[in-house]
Amino acid sequence: MVEAAKTEGDWQVRAVAWELLALSFRYPTSELAEAVASGEWADAASEVADALGLSMPEGWLSALDAGAQEEGAAPADVDADALLHGLRAEATHLFVGAPDPVVSPYEGVWRAADDGVQALLFVNPHSMEVERFCKACGLGRPEGTNEPLDYVATECELLEYLALLAGGLAAPAEGAPDSADLPGGSPAAAYDEFLRDHVSTWMPRFAEKCTEEARVPFYAAAGRLLQAVLR
């Protein structure tokens, strides 16, 4: 598990890590595909790992080039648009699936399984706890969306936001409570609480299974990075 950061620089690195992970596990966008195709994602992931002193497997990024995303393709044969198509197909396979995803991206699903009960999106107690925590931080579901807030990328975004506040790198969102009114009485306390009570209860297992089940190098690399950040 990530230890509590103490300096502005520590919080900044953690904010960057969670921002990168949130981008990685959102439904793939052109921004992500271009970053992966250009090598910018790999560079950022390597810098985050170095800055946090993470122990990563040797060569964990070696397969992460544009050509490696499609089996048998040479790097010059794959552009960002083709890569985006492949990433979306894999994200659908891993995180959406039919009838069930290979790797559920929702905390409530994992924790319902731990409790031995059927998972119901939105209305299970763990998802509702995440929603209450987000609201206590002044954050809610983006307008026009109907996605549970215990989604992996959303939880990463919450940690990014709290890390930015803790480091004095951002002001509270419009309409959000002052730092002293956050859970635990400060951004750092809220960060630690959410990491302990929510993220660490399920996300390490999510990351491990994502790494194991990924059929393209990008999601294996993203899973390894998430595993290491949480270790």
Side-chain angles (χ1 to χ4, degrees), residues 1-26 31-32 35 41 44-54 105-108 110-111 122 124-145 147-207 222-223 225-231:
M1 185 185 299
V2 178
E3 295 180 358
K6 300 298 184 184
T7 69
E8 179 180 317
D10 291 333
W11 285 118
Q12 184 171 22
V13 171
R14 282 160 176 74
V16 170
W18 292 117
E19 180 184 25
L20 183 63
L21 289 165
L23 173 67
S24 302
F25 291 111
R26 278 281 175 212
E31 178 187 6
L32 175 64
W41 189 95
S46 180
E47 289 174 7
V48 164
D50 289 344
L52 290 174
L54 305 180
Y106 299 105
E107 176 183 335
W110 286 85
R111 298 188 69 183
F122 292 102
N124 71 81
H126 302 294
S127 298
M128 294 171 70
E129 286 174 9
V130 171
E131 186 156 343
R132 284 193 292 271
F133 196 99
C134 288
K135 287 182 177 179
C137 294
L139 304 178
R141 193 172 295 108
E143 187 175 352
T145 68
E147 180 182 275
L149 293 178
D150 63 336
Y151 185 68
V152 57
T154 304
E155 293 198 2
C156 290
E157 288 171 352
L158 176 58
L159 289 177
E160 176 198 355
Y161 172 68
L162 293 173
L164 289 171
L165 291 182
L169 302 163
E174 184 177 354
D178 292 336
S179 292
D181 296 324
L182 292 171
S186 72
Y191 178 99
D192 288 342
E193 180 180 335
F194 193 74
L195 188 65
R196 180 190 67 240
D197 294 348
H198 292 283
V199 171
S200 66
T201 66
W202 74 282
M203 219 177 277
R205 292 177 289 164
F206 163 86
L225 180 62
L226 179 55
Q227 280 182 287
V229 168
L230 291 167
R231 198 148 41 227

Might you point out which heavy atoms bring Val13 and Ala51 nearest each other, and give the distance in Å?
CG1-CB, 3.7 Å

Between the side chains of Trp41 and Ser24, does any donor sit under 3.5 Å from an acceptor?
yes

A side-chain contact here means heavy atoms from C-beta on lying under 4.5 Å apart; do Glu155 and Trp18 qualify?
no

Apply side chain to side chain donor-acceptor pair (under 3.5 Å) to Glu157 and list each qualifying residue two or more places apart in sequence or on a separate chain.
Arg26

Leu20 versus Leu225: any side-chain heavy-atom pair under 4.5 Å?
yes

Counting C-beta onward and ignoring hydrogens, is there a side-chain heavy-atom pair between His198 and Arg111 closer than 4.5 Å?
yes

Do the ring planes of Tyr191 and Trp11 sit parallel (below 30°), tilted (30 to 60°) or perpendicular (above 60°)?
perpendicular

With a 4.5 Å heavy-atom cut-off, do Asp150 and Thr154 have their side chains touching?
no

State, yes or no, whether a side-chain contact exists between Pro204 and Arg231 at a heavy-atom distance under 4.5 Å.
no

Considering only residues two or more places apart or on different chains, which pairs with a residue in residues 148-168 satisfy ring pair (Phe, Tyr, Trp, His ring centres under 6.0 Å)?
Tyr106-Tyr151

Residue pairs passing the side chain to side chain donor-acceptor pair (under 3.5 Å) test with at least one member in residues 165-181, sequence neighbours excluded, are none

Are any non-hydrogen side-chain atoms of Val48 and Leu52 less than 4.5 angstrom apart?
yes

So, using side chain to side chain donor-acceptor pair (under 3.5 Å) as the criterion, who are the partners of Arg205 when residues are at least two apart?
Asp114

Any non-hydrogen side-chain atom of Leu182 less than 4.5 Å from a side-chain atom of Leu162?
yes

Going by heavy atoms in the side chains, are Leu195 and Leu230 under 4.5 Å from each other?
yes

Tell me every residue that passes side-chain contact (heavy atoms from CB on, under 4.5 Å) with Pro183, counting only those two or more places apart in sequence or in another chain.
Phe133, Ala136, Cys137, Ala190, Glu193

For Gln227, the side chain to side chain donor-acceptor pair (under 3.5 Å) test, sequence neighbours excluded, returns Thr211

